[in-house]
Amino acid sequence: METTFDYQPRGTCSRNIQITVDGDTVTRVVFTGGCSGNTQGVSALCEGMKIDDLIEKLSGIQCGMKPTSCPDQLANALRTYKSKTESAS
């Protein structure tokens, strides 16, 4: 069953990340704001990947001098989603 949720990133140019998951797999990612080419590329690469794999690959990526990035914020969103779904079951 697919679930779609929104996450408001902090410390990045993107203003929202909409994520659709089916079980433990990300099926769609849409960034609002941010560097269009980069966020579209990240979105395309993430589709079909497992949540845990994305968290591992994207966590800690920085954007320039910022301590975070759009991919890092996506990892945070997925961690938050995973935590909420695990505590609900």
Side-chain angles (χ1 to χ4, degrees):
M1 181 170 109
E2 283 196 338
T3 303
T4 299
F5 64 97
D6 289 295
Y7 181 82
Q8 279 67 53
R10 295 176 187 91
T12 63
C13 299
S14 59
R15 298 180 307 279
N16 188 69
I17 308 171
Q18 185 178 73
I19 305 159
T20 303
V21 298
D22 187 358
D24 66 346
T25 302
V26 172
T27 58
R28 187 166 186 254
V29 177
V30 178
F31 287 86
T32 303
C35 303
S36 181
N38 290 336
T39 56
Q40 288 180 58
V42 169
S43 296
L45 291 170
C46 291
E47 291 177 7
M49 289 189 66
K50 301 290 185 195
I51 291 172
D52 288 338
D53 292 339
L54 285 171
I55 291 171
E56 181 181 334
K57 289 181 183 298
L58 301 178
S59 293
I61 294 174
Q62 297 179 320
C63 183
M65 298 300 290
K66 296 176 185 176
T68 189
S69 65
C70 292
D72 184 54
Q73 289 297 298
L74 176 55
N76 288 344
L78 293 170
R79 251 191 305 278
T80 299
Y81 169 78
K82 191 174 168 186
S83 172
K84 287 181 181 179
T85 57
E86 288 175 352
S87 64
S89 52

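- Taking a 6.0 Å sphere around CD of E56, one finds it holds 12 or fewer heavy atoms contributed by other residues, nucleotides or ligands.
- Residues Q73 and R10 meet the side-chain proximity criterion, which asks for heavy atoms closer than 4.5 Å.
- Side-chain contact between K82 and D52 is present, with heavy atoms from C-beta onward closer than 4.5 Å.
- The main-chain N or O of M1 is found under 3.5 Å from a side-chain atom of D22 such that the two form a donor-acceptor pair.
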Q. Can you list the steps and then say if E47 with S43 is a side-chain hydrogen bond (donor to acceptor under 3.5 Å, both in side chains)?
A. CA-CA 7 Å; E47 291 177 7; S43 296; over 6 Å; no
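- Here CZ of R28 is found 13.5 Å from SG of C46. Values are rounded to the nearest 0.5 Å.
- For R79, the CZ atom counts as densely surrounded, since its 6.0 Å shell holds more than 12 non-hydrogen atoms of other residues, nucleotides or ligands.
- Grouped by direct or indirect side-chain proximity (heavy atoms under 4.5 Å, Ile/Leu/Val/Met/Phe/Trp/Tyr only), L54 sits with F5, Y7, I17, I19, V21, V26, V29, F31, V42, M49, I51, I55, L58, I61, L74, L78, Y81.
- The structure places OG1 of T20 at 6.0 Å from CD of E2, a figure rounded to the nearest 0.5 Å.
- With sequence neighbours excluded, no residue forms a salt bridge (charged side-chain N to carboxylate O under 4.0 Å, His left out) with K66.
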Q: Given side-chain contact (heavy atoms from CB on, under 4.5 Å), test T32 with Q18 step by step and report yes or no.
A: CA-CA 8 Å; T32 303; Q18 185 178 73; over 6 Å; no
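- For the residue pair Q62/S69, the side-chain donor-acceptor check at 3.5 Å is not satisfied.
- Between G60 and D72, the shortest heavy-atom contact is N-OD1, 2.7 Å.
- Without hydrogens or angle criteria, T12 side chain to P9 main chain gives no donor-acceptor distance under 3.5 Å.
- Among residues two or more places apart in sequence or in another chain, the salt bridge (charged side-chain N to carboxylate O under 4.0 Å, His left out) test is passed with D6 by none.
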